[in-house]
Each structure stands twice: as structure tokens, then as C-alpha cells.
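Below is one structure; the comments refer to it alone.
The model shown is predicted, which means the values in this text are computed figures rather than measured ones.
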Amino acid sequence: MSEYKLPDVGEGLTEAEIVTWKVKVGDEIKINDVVVEIETAKSLVELPSPYAGVVTALLVPEGETVPVGTPIIRIEDGVAAPAPELDLSNPAATGGGEGESLVGRNKAERGPVRRARRRTIPEAAGEHAAKADVQDVFNAGAPQQHDQVMHLVEAVTSDIPEEAEQLPSAPVVGTVETRALAKPPVRKLAKDLGVDLGSVTPSGPEGTITRADVEGAVGMPAQYAGNPRDVAAPAEPGRLEEWREPIKGVRKMMGQAMVQSAFTAPHVTEWITVDVTRTTEFVERVRTRREFADVKVTPLLVLARACLLAIRRTPVINSRWDEDNQEIVFKRSVNLGIAAATPRGLVVPNIKSADSLSLLELAGALGDLTAVAREGRTQPAEMSGGTFTITNVGVFGVDAGTPIINTGESAILAFGATTRRPWVVRDRAGNESLEIRDVCTLALSFDHRHVDGESGSRFLADVAALMADPATALLF
Amino acid sequence: MSELLAPTPTGGPDFVQLLTPEGQRVEHPEYSFDVGEADEAEVVRGFYRDMVLTRRIDTESTALQRHGELGIWAQLLGQEAAQIGSGRALRPQDYVFPTYREHGVAYCRGVDPLRLLGLFRGVDQGSWDPRQNNFANYTIVIGAQTLHATGYAMGVQRDGAIGTGDPERDTAVIAYFGDGASSQGDVNESFVFAASYNAPVVFFCQNNQWAISEPIERQSRIPLYQRAHGFGFPGVRVDGNDVLATYAVTQAALQRAREGNGPTMVEAYTYRMGAHTTTDDPTRYRMSEELEKWKLKDPIARVKVYLTRNALADQDFFDEVETEAEQLGARLRDGCKALPDPSPLSIFDQVYVEQTDELAEQRDGYAAYLETFEGAH
């Protein structure tokens, strides 16, 4: 039985987060098979196993941050003695003079001779017990033959697994083994909404999770935080009057940024409802083009492009109020931010110089940006320097909202859900008729310190016109 | 956006290639793969074995770092052909000044890979004797070794060990460096000295496209090998993932130096498929599609295809190499953990060539102090 202790995979790192276990209890693994993905302050790293054998326990649940040196996985490799490092080379233990101590000493107790090359690790309770037992046996004057020591160590370590089962690893082992039951569309819905299926209480037949279960789970704190620890140790909010969660990480940053923006820049929000049927048709047409085969063509892509064109006519949208210098800073290029709901919370990565990209390049950049954000790999540099933001609240099925401007920018556009609605359509002859069309609402918030109603309205109307008829782009 | 970051698909018009990524032999007007009297198939099989073992040294060492046995490791994954091709072109009297990533060249020079591990485990500062293998210590300071190499080459020149026509005497020096180092002052200064004094040195640049997170586009506006012309010596760009071409080009450059015709710069156009070191995470700064493109140009795969398609090696050969690599991996794993911690007293022995009285006294004093600890022996 061997334990793999969390190594320092960088230079001088002290801790790492267990991100994903790649193996489960009972798996047979070879040396250098990848067992776990960890995240340090520097990087995401896959750890290869130093041992070959069968996994008997995952000692740290996913989502937990542990210090370097902590045992993280236990592997039955036919080698005994993970626990105390017995030093039988000590003359007192092997020399055997009468009256001498017969204690086999733990190397860690040897004092300053031991080099501090490896960090000392917090010992599991079981190890303490093991050490005490070993010492007691020797103190009692039992013959200190090596194989007896080994036998004792085995006996002691065989007790540890049961104890470990009650440690925090247990819930994770559970989630790894029992996959939640749900139909593929429901799985996709859960993925889109950032809901962890493992934490949803099923109400469907034979314990399956229904669409309603997933929708009902949205907004529950455990899912919103996306923290596996919350999932692993459910607080059962249904039974509690109230529960508390620490404000930290991405959520803390979001809170600070929102307060700063909302109480610094006087917001005005305008909205417009527009018939986007032609955008829908345009999207369909572009999708069939061969060069767009590898990218995702969506109405959001068209909207992004429309904003970039409209900004040309109203540059103040792409500017910033500089309070300290009493100046308005105009930006030549547009770093287009896209608000994204990720497992870690709201992040707003931006596409640098988005205005210089072709539609194809923009589609590629949007795809990369969302893929990276979903995987939680968005880097700080990708989130800084934004000049204008789009928030696609339509994916949550809502019509629109009053978005809060991303700090350091002047405007933000909310893209509402496109729905089939009755709409008055006028043909060229001026005849009006009622038709079912694709309709959506766009809501623009802008900083009224320097963006006046005329500029904001013109920008929004331009974007709406482009969405109503993408051919208008030729006029810009 | 990603197109802008993608490397040039080929190395440009002056790119020397003798074995394509598909394993096809192609001709080049100036360079050919010439092994003299030796059996060509035997030599290529040897290159294949060298590269597989080098890759194994690299992957095993990376794993050892992840096991907590090494402090850090600089990976060479993807650069095997550049190192084996150039390393095998050397003669025993030639002298190598490496960076900290030349594990394949070290292997060619007969340096035991376990000695490399000692440095990365932190139990010594580089324990091989440079004079024994004509392979200098790993240089951590970026680009500094190019100056050492130029100085050594100027010494070779003064010893009259060039242009004699004696193949066992005429000596070339080779300095390894990367695309990032090409921006360093040291490298440019060594170019100036080497050119001015016509020193017998080959500047072997492995352009692996990334200086940690800095792409080559931000290192140079022109292909790196063209810089040599500005300093007054020839530069050539070779497919660094093609072991045959790298061997041919390096061999010619070394021979030019040995004959007294001065320095050459070789730009081996390759790709660092792994991280800069085990402390680095390349997914933070480069797109995975770039890596996928380069995987198709893998230096080992093309040699295997070539050997297989032309029936120059059978399955037994590949199996043997695989077994050998497994054994090497196991030897490194066990050997690494068995590397002895250095004796605290060794620091006194490696300061001066001849021990001074004062230092000897300090040594004895410290030894006596260590004696006072329980279990010191």
C-alpha cells in the first residue's frame, strides 16, 4: 500500500487544488498513468502515478485545496508500510545491549540531522495511533524482528481505510461512482445553465432528473457558486431557515465591480424591440458556407458585428470617462467584452481589436473565448482592457434587463431572447399585415456623464437596424 | 485571430528538408544525407533508437518531477531530431556548450542521464566532468554559453587545431541556444567576435517557436537564420524535426569550422510540444490547435514510417527499442530516488583547485560540529 503525496509541481508552491480525479476506487493503474488534475497558483497540471496497483482510496475531494505533502491517493501496490518511517539502523535498537532502549524511532524525531528538503506533512490520526502502537510494543520488550514490525504496520494501516472513508473523501467517491440519470437534452440544459446534475434531486420516473428539476435548481446557492465542495457536502437548504456562504473569488470581484460602476456612473437604460427574422435567415445562410464550417455562427455573432459597425458612427460609445484627468478617453479599437456565466461565476473576457476582425475571424474568436471561459481557463489579461460589452441574457430565456456597465467602459448591451411573436409587417406597397416573426429586445445602458441621449439612442437604433436587416451593413 | 498566432506552415523557401513529415525522402540541391562508409539503414535505425530513448528520458524525468522527485525539469518533447541530428554529427574532439535543455545532445556525448537528474533534483550543480565528454555544464543563464563557446573556439584556433586536414585533430565548437536567446546581448556579441576572428564555432539555434510565453513573431521580423548574414557569416534554416536534414546541415557546418572557414548559424526550425519547464503551463498562452498541427510533424513518427515503408526495420526492432526505453525509464526512476544527498562538507572541496589552509580549517571545524549530532553516521 502506497500513498502519493501532493508534490510541489512548481518551484516553491505550498498548496494546490484538486480539480478532477481521473481514476476511481477500484481502478487498476500503471506507473505514470494520469490520476488527477490539480491547479496551482501557476498552472493546471496532470499528475502521473508513481505507483502501479489498485486505487483503494481518493483521500481529497475535488475542489479542495490542500498543502504540498498531503497524501491524496492510496494505491495497493503490494508494498507495505506507508505510515511511520521506522529507523532500525539505530544502534540502540539493533545493538541490543541490556537495559538499552528498544524503541524504533520515527525518523522525524531525530532532530536537526534530518534535512528539511521535504516539507513536513500533517499526519493523519491513524499514523499517530500507529506510531504509538509500534512504540508500545517495543517498549514492552517484544523482540524487534523486522518482519514483525512489518506485520504490525500492515495491521495498523489496514485500519486506516475505514477511517478514511468517513473523511471528506467519502462524498466524492459517491459522486464519482453514481452518475446522475438524465436524458441528453436535460443534460445539455443543465450544462448550459451551469447546474451540476449530481446535486439535483430527481423527481422523474426511476430516479431520473427532469427538465423541471434542473430549472428548479437554477439559482440555488450551491449550483450558483459552482463549488464542488458545496455539492459534496450539501447544506440541504430546503430544511434550513438560512444558510451562509463566503463572498470570495470571482463573486467577490463581481460584487465590487458592480458597486463601483453603479454608484459612480449614472446609468441610463434604453431599449428597443426589433424583428430579427432577417438576421435568423442570414445566420442560416452563412452557416452553409464552407469557410464557416468550423466556427459557430449565431445571432450573437451578428449582433457583435452590428455593434462594431455602429460604434464607428458613434465613437463615444467606445470611450471612457477619466475622472482624475477630467477627460474623455476615446479608444480607436474595440476590445469587445462578452459577459459569460462560468462554473466560477460571472467573467467578462474580451476580444482584443474586435473591430479589425472579419466576420469569420470574429466567429473564431467568439468560439475560443466562450470555450476558454467555460473551462474556467480565462486569464486576467483576457478580462482587462475591455471597451464595450455585450451580455447575452437571452440564453436564460428573458426578454431584456437593465445591465450594469463594466467598470472602465461607457456602455453595455443586453441581448434578450428571440421569440416568435405577432408583428406588423409592411410590404413595399405599404400594405400592413400581421405575421409571426422572430422578435427580440435589445437594452442598452450607458454612462450619462458623457454619453447623451442622442448618442445612445442613435447607437441603439443603428444596431437594431442592422439586426432588422443585415444588408444595411453596406451603408456603414 | 488564431491564424495570426499560427506559425508559418513551412519554414520558407530556404528550408532544408530531406525527410518529409510523411516519411518520404526528398532531395536538396546543396545538402544530402551522407554517412560515408557506414550502412545508411543502420545509421537511420540508430537515429530512431536515439530519439526514442531521448524522448523516454524526457517523459520519465517530467513524471519524476510530478512525483515530487525533481525540483524542476526542462522538457524537450518535439526537439529530439534537432538534438540527435546535430549531436550525432559531432566528432569526439568537438566541444559542446549546451543550454539546460540539451538532454538529447548530452545522451549523444555519453553523459549518463542520471547525472542530468542530479542537477534538476538539486543534489549537485552538474556533476559530469566537461572534459570527459567535451560537453560543458548546463548553462542556466540565457545565451551566456554562446560567449563561452566563441572563446573556446578562439582557443582552438590558437592551438592550431583547425585546417590541418587531420580528421582526428581538426576541431569544431558548437553552441546551442534558443529563439528567445537570439534577442540576448550575449548572443549578438558572440556573433560579432566569432565573425571578426573567424572562430571555428557553429551557432545551433533550436527555434522552438516559443521563448516561454513569447512567440517567435515578437522575437524577430525576419527568419532568424538571416541574421547571420548581417554579422558576416552564413546562416541556414533546416527542418529541425527532420533528423536526416539536421544531421546533414550540422555536419557541413561543423566541417566548415574544422577546415578553418569560420562560423555558421544553423536555425533548426522545430516546436516545443511540451511546456517550457514543468513550472510552466502553455495552455495559458497558446492555442491547442497549434500543437495539433505540429504533432503531425513529429520527428520520431516520420522516421518510423520511413523505416517501415522501405522495409529497413521490422517489428522486432521497434519492440526491442521499446523494451530498451522501458528499462531506461525504470533505471531513471530507481536511480533518481537513490541519488545520494550531498555531504555538507563537499562545498569546501569545490571552491579552489588547491585547498587553502584557512578553508581547510573551516572544513574541519564544521566537520567537528556535525559530529555533535546524534546519528551523524
Side-chain angles (χ1 to χ4, degrees), chain A residues 4-13 31-35 38-40 42-51 68-69 87 89-92 105 107 110-115 117-119 294 351-354 356-357 360-362 364-369 371-372 375 377-379 381-382, chain B residues 1-6 56 59-74 120-123 212-213 274-290 325-326 329-330 332-334 336-337 339-344 369-377:
Chain A
Y4 184 10
K5 298 187 176 77
L6 182 71
D8 171 8
V9 296
E11 293 162 85
L13 296 171
I31 286 181
N32 290 341
D33 279 355
V34 171
V35 291
I38 63 166
E39 184 167 17
T40 70
K42 287 186 171 181
S43 55
L44 211 57
V45 171
E46 288 181 333
L47 294 184
S49 171
Y51 310 107
V68 165
D87 178 16
S89 63
N90 177 4
R105 294 172 313 150
K107 269 189 179 169
R110 278 212 300 183
V113 176
R114 186 183 155 86
R115 298 189 61 225
R117 194 163 71 82
R118 291 176 206 290
R119 277 158 224 285
D294 295 332
I351 300 168
K352 307 282 186 237
S353 302
S356 68
L357 303 181
L360 178 59
E361 289 167 338
L362 188 63
L366 259 177
D368 290 344
L369 172 140
V372 169
E375 290 166 25
R377 292 192 291 121
T378 304
Q379 302 304 314
E382 290 161 339
Chain B
M1 190 170 76
S2 51
E3 274 305 302
L4 294 175
L5 289 173
R56 188 49 185 252
T59 50
E60 199 64 48
S61 304
T62 304
L64 280 168
Q65 199 283 334
R66 299 302 187 219
H67 296 167
E69 300 293 342
L70 298 178
I72 186 172
W73 177 254
F120 289 97
R121 191 174 166 88
V123 297
I212 310 189
S213 58
H276 170 70
T277 67
T278 45
T279 304
D280 170 47
D281 177 5
T283 62
R284 293 194 172 210
Y285 52 80
R286 70 184 187 193
M287 291 292 168
S288 59
E289 68 178 285
E290 183 183 303
E326 283 300 319
L332 288 177
R333 274 200 300 278
D334 300 339
C336 177
K337 289 170 207 162
L339 283 172
D341 283 356
S343 156
Y369 168 71
L370 292 177
E371 283 294 317
T372 62
F373 288 93
E374 183 192 5
H377 292 288

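- Judged as a salt bridge (charged side-chain N to carboxylate O under 4.0 Å, His left out), and not counting sequence neighbours, the contacts of B/Glu326 are B/Arg56.
- For a residue to count as touching a neighbouring chain, one of its non-hydrogen atoms must lie under 4.5 Å from one of that chain's; by this rule A/Ser353 does not touch chain B.
- Under the 4.5 Å side-chain criterion, counting only non-hydrogen atoms from C-beta, B/His67 is not in contact with A/Pro7.
- For chain A, no part of B/Thr277 is nearby; none of its heavy atoms comes within less than 4.5 Å.
- By the neighbour-count criterion of 12 heavy atoms within 6.0 Å, atom CG of A/Asp294 is sparsely surrounded, having that number or fewer from other residues, nucleotides or ligands.
- A distance of 7.0 Å separates CG in A/Asp368 from CD in B/Glu289, rounded to the nearest 0.5 Å.
- Separating the CZ atom in B/Arg66 from the CG atom in A/Asp8 is a distance of 10.0 Å, to the nearest 0.5 Å.
- Ranked by non-hydrogen atom pairs under 4.5 Å with chain B, the options A/Leu360, A/Leu362, A/Val45 are led by A/Val45.
- For A/Glu46, the part lying near chain B is the backbone, with the side chain staying farther off; criterion is any non-hydrogen pair under 4.5 Å.
- Nearest heavy-atom pair, B/Gln65 versus A/Val9, reported as atom, atom and distance to 0.1 Å: NE2-O, 3.5 Å.
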